[in-house]
Colleague: 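Below is one structure. I have some questions about it.
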2 protein chains.
Amino acid sequence: MEKQGTENHLQSFRKTMERIIPISDTDWQMISQKFEPIEVPKRTLLTKEGQIASSIYFIIKGILRIFYTKEDVEITGFIFSEGLFASCYESFLLQTKSNQTLEALEDCVLLTIDYHTLQTLYKEVPALHIVGRVVAEQRFINGQRILSSHLLDSHEERYRQFADQYPDLLQRVPQHIIASYLGITPVSLSRIRKRISRK
Amino acid sequence: MEKQGTENHLQSFRKTMERIIPISDTDWQMISQKFEPIEVPKRTLLTKEGQIASSIYFIIKGILRIFYTKEDVEITGFIFSEGLFASCYESFLLQTKSNQTLEALEDCVLLTIDYHTLQTLYKEVPALHIVGRVVAEQRFINGQRILSSHLLDSHEERYRQFADQYPDLLQRVPQHIIASYLGITPVSLSRIRKRISRK
DNA sequence: GTAATTTCTTTACAATTGTTAATGTTCTTT
DNA sequence: AAAGAACATTAACAATTGTAAAGAAATTAC
């Protein structure tokens, strides 16, 4: 894994936040103090099914995924890459037991904050409520787009859109994981890819 | 349509908000002034595809649905009933053209606020950011549950869960609309219902 | 660098769902 | 109350997708 200074990580993090709302240097002091940089190897489980999600993770480098387990089969719910806040959100927001697992698909560099620290930070930096609201709104909109694609589009269309939108994930994520994310079997995805390649 | 005093409507609205955060009488003055009570008949289109969603609607009485149009077929994205904030959210939040239509499935009593008034209100009553954040979080969690059901459950299971969770909607909403919400055809839903009734 | 594991593709077959069209039912409208 | 429209069910058939199993390819581990 390449090394990079913590300051640079924090800079890219601040940039992401300031796309939402400008942050004063004083507020930034408070915020950056509370986020802890960590590195985790591939296959690390950050939150496990049955546990309460203690933290959210801003992704500096790497890929995380959420998956559900149904009859010993892992079904991917979402794939997070650089610049996103990842978590088992429902568990984190409600502080209830998760029905999802959060897993590193690559070696990752993350900035993490736990639930109680975030609540404290909300009180110290009220502007963060706006960031929280906008992030929740963005995640809602994103989820709604995915859901509408399940209602409106064929499996093939959905795969094409995924490939168009996330060409890097297509390379970095195993296909059977993409398949379950699209709501189909690996066999079916393989057939779709063959069909497309013939055109 | 039964008549009820505007004061009572506002009371039930305040109650819903206070489940999220206590609101002072002063703040409540500001808030309640800005929401306008309206009544609309069945089949009213509150936002049309291609338009920008001007307002959000708190539902006092009645049912709204969001639908997409694909090759002249209407596909239901969500069904809102009493106590929820309904809108074509993506269009409303981003103030971009909607790819959804918001329709009244029954005669409705609503409290409405338009985008710019809400932005003003956010400035006057900062506590509303918390309400906005929590509502966005709730809608995100709800959307995520629906999406996971599409990934994890069979059509029959999804119908059973819908029937369990919303027995009233089962009565009040036409079945072909429920079918498209579940991501299946009316024919397929009819088969599922028959299969279940035999057990 | 080779063995072991994981991942991807292919095939044959089974199961589910969609499509079309006909029929019956219910709801609206006048 | 009758006519028309909208909705729900059923049947036959077509198309799609899932399942299971086997082999090929790629990746990982020692």
Side-chain angles (χ1 to χ4, degrees), chain A residues 1 41-45 62-63 65 67-76 79 103-107 149-160 162-163 169-199, chain B residues 1 41-45 62-63 65 67-76 79 103-107 149-160 162-163 169-199:
Chain A
M1 214 185 303
K42 195 170 168 172
R43 278 169 223 271
T44 305
L45 304 183
I63 300 180
R65 71 152 174 167
F67 66 84
Y68 303 89
T69 309
K70 175 131 183 174
E71 289 145 22
D72 291 327
V73 180
E74 295 177 358
I75 295 173
T76 301
I79 301 168
E103 177 194 25
L105 291 182
E106 301 179 343
D107 298 336
S149 170
H150 276 270
L151 294 174
L152 297 170
D153 305 326
S154 70
H155 295 171
E156 181 172 329
E157 282 177 295
R158 198 148 65 248
Y159 172 71
R160 295 186 110 105
F162 180 88
L169 294 185
L170 211 59
Q171 301 305 319
R172 294 160 77 185
V173 178
Q175 272 167 37
H176 68 278
I177 288 180
I178 295 174
S180 76
Y181 171 70
L182 296 174
I184 60 181
T185 60
V187 175
S188 188
L189 178 54
S190 181
R191 283 192 281 237
I192 287 169
R193 286 165 50 82
K194 191 180 182 184
R195 212 184 302 150
I196 289 176
S197 71
R198 274 202 303 262
K199 290 175 188 169
Chain B
M1 214 186 302
K42 194 169 168 173
R43 279 170 223 271
T44 304
L45 304 183
I63 300 180
R65 72 153 174 166
F67 66 83
Y68 303 89
T69 309
K70 174 131 183 174
E71 290 145 22
D72 291 326
V73 179
E74 295 177 358
I75 294 173
T76 301
I79 302 168
E103 177 194 28
L105 291 182
E106 299 179 344
D107 297 336
S149 170
H150 276 269
L151 294 174
L152 298 170
D153 305 325
S154 70
H155 295 170
E156 180 170 332
E157 282 177 297
R158 198 148 65 248
Y159 172 71
R160 294 186 111 105
F162 180 87
L169 293 185
L170 211 59
Q171 302 304 319
R172 294 161 75 185
V173 178
Q175 271 168 37
H176 68 280
I177 288 180
I178 294 174
S180 76
Y181 171 69
L182 295 173
I184 60 181
T185 60
V187 176
S188 187
L189 178 53
S190 182
R191 283 193 281 238
I192 287 169
R193 286 165 51 82
K194 191 180 183 184
R195 212 185 302 148
I196 290 176
S197 72
R198 274 202 302 262
K199 289 173 188 170

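Naming: A, B, ... by sequence-line order, numbering from 1 per chain.
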Colleague: Using a heavy-atom cut-off of under 4.0 Å over every strand shown, decide if B/R191 touches base, sugar-phosphate, or nothing.
Modeller: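 Base: the residue B/R191, judged by heavy atoms under 4.0 Å, touches a nucleobase.
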Colleague: Quick check: does any side chain N or O of B/T76 sit under 3.5 Å from a backbone N or O of B/S180, one acting as donor and the other as acceptor?
Modeller: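 Judged by distance alone, no pair lies under 3.5 Å.
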Colleague: How many whole angstroms separate atom CZ of A/R158 from atom C1' of D/dT17?
Modeller: 12 Å
Colleague: Would you please test B/E156 and B/I196 for side chain to side chain contact (heavy atoms under 4.5 Å, CB included) and show each step?
Modeller: CA-CA 8 Å; B/E156 180 170 332; B/I196 290 176; 3.8 Å; yes
Colleague: Phosphate oxygens OP1/OP2 of D/dG18: is one of them under 4.0 Å from a side-chain N or O of A/S188?
Modeller: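 Checking D/dG18 against A/S188, a side-chain N or O does come within under 4.0 Å of OP1 or OP2.
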Colleague: Rounded to the nearest 0.5 Å, how far does CG of B/L169 lie from OH of B/Y181?
Modeller: 8.5 Å
Colleague: Measure from the side-chain heavy atoms of A/V187 and tell me the nearest of C/dT11, C/dT17, C/dT20.
Modeller: C/dT11
Colleague: How many angstroms lie between atom OH of A/Y159 and atom CG of A/D153, to the nearest 0.5 angstrom?
Modeller: 15.5 Å
Colleague: How many whole angstroms separate atom CZ of A/R193 from atom C1' of D/dT17?
Modeller: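 So the two atoms are 18 Å apart, to the nearest Å.
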Colleague: In whole angstrom, give the distance that lies between atom CG of B/L182 and atom P of C/dT16.
Modeller: 18 Å
Colleague: Between atom CD in A/E157 and atom P in D/dT17, what is the gap in whole Å?
Modeller: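 In whole Å, D/dT17 P and A/E157 CD are 11 Å from each other.
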Colleague: Between D/dT17, C/dT28, C/dT10, which one does the side chain of A/S190 approach most closely?
Modeller: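 That would be C/dT10.
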Colleague: Could you state the CD-P distance from A/Q171 to C/dC8, rounded to the nearest angstrom?
Modeller: 12 Å
Colleague: Identify which nucleotide among C/dT11, D/dT10, C/dG18 has an atom closest to any side-chain atom of B/K194, counting heavy atoms from C-beta outward.
Modeller: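 Of the options given, the side chain of B/K194 lies nearest D/dT10.
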Colleague: OP1 or OP2 of C/dT9 versus the side-chain N and O atoms of A/Q175: is any pair under 4.0 Å?
Modeller: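 For C/dT9, OP1 or OP2 has a side-chain N or O of A/Q175 closer than 4.0 Å.
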Colleague: Closest to the B/H176 side chain: C/dT7, D/dG18, D/dA8?
Modeller: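 Minimum distance to the B/H176 side chain belongs to D/dA8.
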Colleague: Rounded to the nearest Å, what distance is computed from the CG atom of residue A/L105 to the C1' atom of nucleotide D/dT27?
Modeller: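 It is 15 Å, rounded to the nearest whole Å.
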Colleague: When the nearest nucleotide of DNA chain C is assigned to B/R43 and to B/H155 on a heavy-atom basis, which residue is associated with the more 5' position?
Modeller: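 Counting from the 5' end, the first nearest nucleotide belongs to B/H155.
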Colleague: Working to the nearest 0.5 Å, report the span between NZ of B/K70 and CG of A/L151.
Modeller: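 It is 11.0 Å, given to the nearest 0.5 Å.
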Colleague: Give the rounded distance in Å between these two atoms: CD1 of B/I177 and P of C/dT26.
Modeller: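 Spelled out: CD1 on B/I177 to P on C/dT26 is 19 Å.
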Colleague: Look at all strands and tell whether A/L189 reaches a base, only sugar-phosphate, or nothing, counting heavy atoms closer than 4.0 Å.
Modeller: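 No contact at all - A/L189 keeps every heavy atom at 4.0 Å or more from the nucleic acid.
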Colleague: In whole Å, I'd like the distance from the CD1 atom of B/I196 to the C1' atom of D/dT9.
Modeller: 15 Å
